[in-house]
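Below you'll find the structure, written out as structure tokens, and then a few comments.
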Amino acid sequence: MRDNERVTSAIREPETPAATTPPRLIATDLDGTLLRDDKSVSPRTVAALAAAEEAGIEVFFVTGRPARWMDVVSDHVHGHGLAICGNGAAVVDLHGGPGAHRFVKVRELPRNNALEAVGLLRDAAPGTVYAVEQTYGFYQEPAYPKLHMEVPDDLAPAEDLLADGSPTTAEPVLKILAFHPEMEPDAFLTLARLAVGERATVTRSSPSALLEISGPDVSKASTLALCCAERGISHEEVVAFGDMPNDVEMLTWAGRSYAMGNAHPEVLAAASGHTVANNDDGVAMVIEQLLNGRI
């Protein structure tokens, strides 16, 4: 969930959009954005998140990570304790801690759509291998690489994993992961979007040719919009942060948005403002300035 195109790591003032409506919610990606490269949350960032919550600004973690990988920030949830996981496929209550997360909202990928996407992408990009991400389960094809440092619940072709009567039918499918061992990541993303069409949402957050395929119209932005609507928060009152293509819709939707200094070029173009790299606490820098009324 990182990009390998680092633009800058120099300490500098963030480039900011013109101040508009006071913020009521901060939405931040994790990997490559809030987290440093070693997956830690710096003391400065912890303090900035706590100060935002103290000031009455809700903080939402909005990530491609599954719920079981949210232990990196479980200690830093305040108030509502909710996070948007799986690129918008689930809203999760983190208060229970690792292994005890409660799914508040699930926006699944219909199995027929998943099967069609798998077949179309196999035809368009021979050599593609798949994994299936569910609310709790994780399944993969035998040739799918060990990208996630975890043991899958089962190994089988994606078509078998998604078939009626398979072990996966007990839980909703949140997303399909598609990996190609040879293609360039952005080229693979473009090809997959053309092949899959409106059957599913295709994006990426990895430096490798690893795509994330979710339900139609499911994205960080669309699920964040639902959560904001439930709270009576408009998009103008949201400040968002991100670094990879799976953040683009969210950054475009939010009233104010910031691309990290290490962001993908598409993200740099989409955001209304820029800050410094994740390793230089770019999110904390912007939050501090927001709270001080400087931006």
Side-chain angles (χ1 to χ4, degrees), residues 14 16-30 33-34 45-65 67 70 73-96 101-108 135 172 174 201 203 214-242 246-259 267 270-273 275 283-295:
T16 62
T20 54
T21 307
R24 293 179 58 196
L25 187 143
I26 291 168
T28 179
D29 173 51
L30 294 182
T33 300
L34 189 80
T45 298
V46 171
L49 295 176
E53 292 277 359
E54 181 68 23
I57 303 172
E58 290 194 69
V59 176
F60 263 70
F61 301 127
V62 188
T63 178
R65 285 178 175 237
M70 294 300 289
V73 291
S74 290
D75 292 338
H76 309 300
V77 295
H78 305 272
H80 59 80
L82 300 179
I84 295 172
C85 297
N87 291 326
V91 180
V92 184
D93 185 343
L94 301 181
H95 278 136
H101 302 136
R102 180 174 66 90
F103 285 84
V104 176
K105 186 189 302 291
V106 173
R107 305 181 67 198
E108 65 183 291
T135 44
L174 298 186
T201 300
T203 190
S214 305
D217 301 319
V218 174
S219 68
K220 290 185 176 185
S222 62
T223 301
L224 178 61
L226 291 174
C227 292
C228 287
E230 292 170 353
R231 289 160 174 74
I233 297 174
S234 69
H235 73 95
E236 292 92 349
E237 297 172 303
V238 176
V239 179
F241 299 87
N246 63 331
D247 296 313
V248 167
E249 293 90 349
M250 178 175 72
L251 297 179
T252 303
W253 178 82
R256 279 185 275 183
S257 60
Y258 293 85
V267 176
S272 58
T275 186
V283 172
M285 180 180 291
V286 173
I287 293 175
E288 291 163 358
Q289 296 199 6
L290 282 170
L291 297 179
N292 290 332
R294 295 172 59 191
I295 56 176

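What you see below is based on every heavy atom in this structure, not just the backbone, and it leaves out hydrogens, waters and symmetry mates.
A distance-only check finds no donor-acceptor pair linking the side chain of Thr63 to the backbone of Leu30 [under 3.5 Å]. Distance alone, capped at 3.5 Å, places no donor-acceptor pair between the Ser257 side chain and the Ala271 backbone. With hydrogens and angles disregarded, a donor-acceptor distance shorter than 3.5 Å links the side chain of Arg256 to the backbone of Thr21.
The CG atom of Leu49 sits 5.5 Å away from the CG atom of Leu34 when rounded to the nearest 0.5 Å. Taking NE2 of His101 as the reference point, atom OG1 of Thr135 lies at 13.0 Å (rounded to 0.5 Å). One distance of note links OG of Ser272 with OH of Tyr258; it measures 6.5 Å at 0.5 Å rounding. Atoms CZ and CE, on Phe241 and Met250 in that order, are 9.5 Å from each other to the nearest 0.5 Å.
Glu249 meets the side-chain hydrogen bond (donor to acceptor under 3.5 Å, both in side chains) test with no other residue; sequence neighbours excluded. Listed by chain and number, the residues in a salt bridge (charged side-chain N to carboxylate O under 4.0 Å, His left out) with Glu288 are Arg44 (sequence neighbours excluded). For the side-chain hydrogen bond (donor to acceptor under 3.5 Å, both in side chains) test, residues two or more places apart in sequence or in another chain that qualify with Glu230 are Lys105. By the side chain to side chain contact (heavy atoms under 4.5 Å, CB included) test, Ala52 pairs with Ile26, Ile57, Val59, Ile287, sequence neighbours left out. Residues passing the side-chain hydrogen bond (donor to acceptor under 3.5 Å, both in side chains) test with Ser234 are Glu236, Glu237, sequence neighbours excluded.
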N/O donor to acceptor pairs below 3.5 angstrom from side-chain atoms of residues 216-223, sequence neighbours left out:
from: Ser219; atom 1: OG; to: Ala221; atom 2: N; distance (Å): 3.3
from: Ser219; atom 1: OG; to: Ser222; atom 2: N; distance (Å): 3.1
from: Ser219; atom 1: OG; to: Ser222; atom 2: OG; distance (Å): 3.4
from: Lys220; atom 1: NZ; to: Asp29; atom 2: OD1; distance (Å): 3.0
from: Lys220; atom 1: NZ; to: Val62; atom 2: O; distance (Å): 3.1
from: Lys220; atom 1: NZ; to: Asp247; atom 2: OD1; distance (Å): 2.5
from: Ser222; atom 1: OG; to: Arg107; atom 2: NH1; distance (Å): 2.7
from: Ser222; atom 1: OG; to: Asp217; atom 2: O; distance (Å): 2.8
from: Ser222; atom 1: OG; to: Ser219; atom 2: N; distance (Å): 3.0
from: Ser222; atom 1: OG; to: Ser219; atom 2: O; distance (Å): 3.2
from: Thr223; atom 1: OG1; to: Gly88; atom 2: O; distance (Å): 2.6
from: Thr223; atom 1: OG1; to: Arg107; atom 2: NH1; distance (Å): 2.8
from: Thr223; atom 1: OG1; to: Ser219; atom 2: O; distance (Å): 3.4

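Between Arg24 and Glu58 there is no salt bridge, since no side-chain nitrogen of the basic residue lies less than 4.0 Å from a carboxylate oxygen of the acidic one.
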### Message
Go through it in stages, so that I can follow the logic: the residues are Val238 and Trp253, the test is side-chain contact (heavy atoms from CB on, under 4.5 Å), and I'd like the CA-CA distance, side-chain angles, deciding distance and then a yes or no.
### Response
CA-CA 9 Å; Val238 176; Trp253 178 82; 3.8 Å; yes
### Task
Go through the steps to decide whether Arg65 and Met70 satisfy the test side-chain contact (heavy atoms from CB on, under 4.5 Å), and finish with yes or no.
CA-CA 7 Å; Arg65 285 178 175 237; Met70 294 300 289; 4.2 Å; yes
### Query
Please walk me through it: do Leu82 and Leu94 pass side-chain contact (heavy atoms from CB on, under 4.5 Å)?
CA-CA 6 Å; Leu82 300 179; Leu94 301 181; over 6 Å; no
### Task
Would you check, one step at a time, whether the test side-chain contact (heavy atoms from CB on, under 4.5 Å) holds for Phe60 with Thr28?
CA-CA 6 Å; Phe60 263 70; Thr28 179; over 6 Å; no
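What you find for Asn87 and Gly64 is that their closest heavy atoms are OD1-CA, 3.2 Å. The nearest pair of heavy atoms linking Cys228 to Leu25 is SG-CD1, 4.1 Å. Nearest heavy atoms, Ala254 versus Ala240: CB-CB, 3.7 Å.
If you run side-chain contact (heavy atoms from CB on, under 4.5 Å) between Ile84 and each of Val91, Val104, Val92, only Val91 comes through.
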